[in-house]
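These notes concern the structure reproduced below.
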Amino acid sequence: MAASSRAQVLDLYRAMLRESKHFSAYNYRTYAVRRIRDAFRENKNVKDPVEIQALVNKAKRDLGIIRRQVHIGQMYLTDKIIIENQEKPRT
Amino acid sequence: MLLRTAWRRVAAAVRVAPGPKSVAPTRGLRLRAVDLFPQSAVPSDTATAPQAESMLRPLYMDVQATTPLDPRVLDAMLPYLVNYYGNPHSRTHAYGWESEAAMEHARQQVASLIGADPREIIFTSGATESNNIAIKELEAAIQPDTSLVSVMTVNNEIGVKQPIAEIGRICSSRKVYFHTDAAQAVGKIPLDVNDMKIDLMSISGHKIYGPKGVGAIYIRRRPRVRVEALQSGGGQERGMRSGTVPTPLVVGLGAACEVAQQEMEYDHKWISKLAERLTQKIMKSLPDVVMNGDPEHHYPGCINLSFAYVEGESLLMALKDVALSSGSACTSASLEPSYVLRAIGTDEDLAHSSIRFGIGRFTTEEEVDYTVEKCIHHVKRLREMSPLWEMVQDGIDLKSIKWTQH
C-alpha cells in the first residue's frame, strides 16, 4: 500500500472542509471547520509515514462521521440562531 | 421562575401570530428578530416587509446546565438505536453479545479518561444517582468512626477547582473515604483517581457532550470500597446497580469520554482564550463588576460575574437573545440567592446580581462578542434606571444609609 502523498492529504483536507460547511447547526459547522484547520496545521510537520497513515485513516473515518451527521442535521432542521444573520451566507 | 412565565407568554404569542413559511416542522421556541439587523432588512416598500421579522434561536451560553451532543457521540450511538438493539445481558445470541461488547468498550473508554480500571466503573442514570450511591455508603458503614468526604471537583456555579489531590492525600492518611462529584470536571481537566487518591467519583454524560440520562460511578477496588445498591433487581453491574444497562446511552457516554480525552488540551486552550476575551471586554467597559470565585483555582469555562446595582433576573430577561443562567439550574425555580455565593461571602445584593456565562467546545468568538456587547448595553441601560446607581454616582455611600421602615 503506497504511503499517503501530499496531494492525497490535501484532497482529504479539502473534502473535510467542504463537507463541514454543510452542517446546518451553526455551532457544529463552526467547530468542524475550525477543528479541521487546526488539526491539519498541527500535524503538518509529521514525517513518519506510519504516523501519517494513521492520521489519514482517522481523518477518513472522521470524514464519514461528518457526512452522516451533516445529513442527519439537514433532516431535522430548525431555525437559525440569532447570530447567523451577521455571517456571510454559506452554501 | 419569572423567566419561565415570560417564555410561556412569548411562546403563546408565537403560536398565535402567523409565522413565515418554514422548511421542516420546527418545535423549538423562537424569538422575533425585528430590529436586530437593520442593514440586512429589505426596502420597506416591497411585499416582504411585514415578513422581515424572522424567528431565530438564542445563542447557547449555559453549558454548565447541559451540553449539546458532539456529532461524534451521536454517530457512535445511532447504530445501537437502529440495528444493534440487543439486551447486553442476553447471553445466548449475537444481539446480546454485540450489545455487551459495546457496553464493555464504553466502560473501557470511561475508565481510561480517569485512570481507572474498567471493573471500577458502574453505569448509572447520571451523576445524581452516582452521588446517592456514594453517600449511602456512609449509612452502610459498619465501623462507627468511618466517614466520607464529598467534594465537587469543579463547582458548577462559579467554576472554582477544589484542591482534589490535596484532599485525597489527607483522606487517605486518615483512612476516610473520599468521594468527588466530577460532573463538571471530567474530560475538561486532567483527573487520575490514583494520583488524586479518589475512592468514589460521580460522572455525568450530559455535561461532557454526551447523552442525557446516563452517568457512571467510579468505585475503587484496591483498597475495596463497599457501597450499598440503591436499586435492587436482576443483579446487573456487579449487583451495585440493577436494571438493564442502556447500551445506546452508555455507548454515547463512552464516545464522549474518548473524544474528551483526545480534545482536552485543545478545548482548554480555546475555552481559556474565549473566557479571557469575555472577561477582559466586560471589565474594560463596565465599572463595578466582580468575578465570583478564586481566579487562581478556576476552570475558565464557567464565569460568574456580579454586576453591582443591577438585578440579575432583569439582566437575564434583557439578554433574551442569549441562553444564560444566574446560578445553578437545579435551584433555579426558587428566588433565593445562590447558596454558593453566600458561602464565599458575597454580599446579598451582589449575589442577586450574578450571571453565569458558560463557554464550551462549540462556543465561537462571535458568540462571545455578541454576548459581551449585549451585556454591556443592558447593564448600562439598567444602571441608568437604577436610583441606587444614581446615588452612588453622587458619591453617597450606600452602606451609610439608614433605610426607614414603613
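Heavy atoms only: backbone and side chains are in, while hydrogens, waters and symmetry mates are out. Within every chain, numbering begins at 1; the chains are lettered A, B, ... in the order of the sequence lines, protein sequences first and strands thereafter.
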Would you say B:Arg381 and B:His378 are linked by a side-chain donor-acceptor pair, where the criterion is simply a distance under 3.5 Å?
yes
Do A:Gln69 and B:Asp75 pair up side chain to side chain, a donor and an acceptor below 3.5 Å, judged on atom types alone?
yes
Using the side-chain contact (heavy atoms from CB on, under 4.5 Å) rule, take B:His377 and B:Glu373 through it: C-alpha gap first, then chi angles, then the decisive distance, then the call.
CA-CA 6 Å; B:His377 170 79; B:Glu373 192 189 302; 5.9 Å; no
If you check every heavy atom in residues 59-67 of chain A against those of chain B, which residues fall under 4.5 Å?
A:Ile65
Step by step, work out the side-chain contact (heavy atoms from CB on, under 4.5 Å) result for A:Tyr13 and A:Ile36.
CA-CA 8 Å; A:Tyr13 175 64; A:Ile36 290 163; 3.9 Å; yes
So, the part of B:Tyr266 with a heavy atom under 4.5 Å from chain A: the answer is side chain
Salt bridge (charged side-chain N to carboxylate O under 4.0 Å, His left out) with B:Glu263: which of B:Lys269, B:Arg361, B:Arg72?
B:Arg72
State plainly whether the residues A:Asp38 and A:Arg35 are in salt-bridge range, i.e. N to O under 4.0 Å.
no
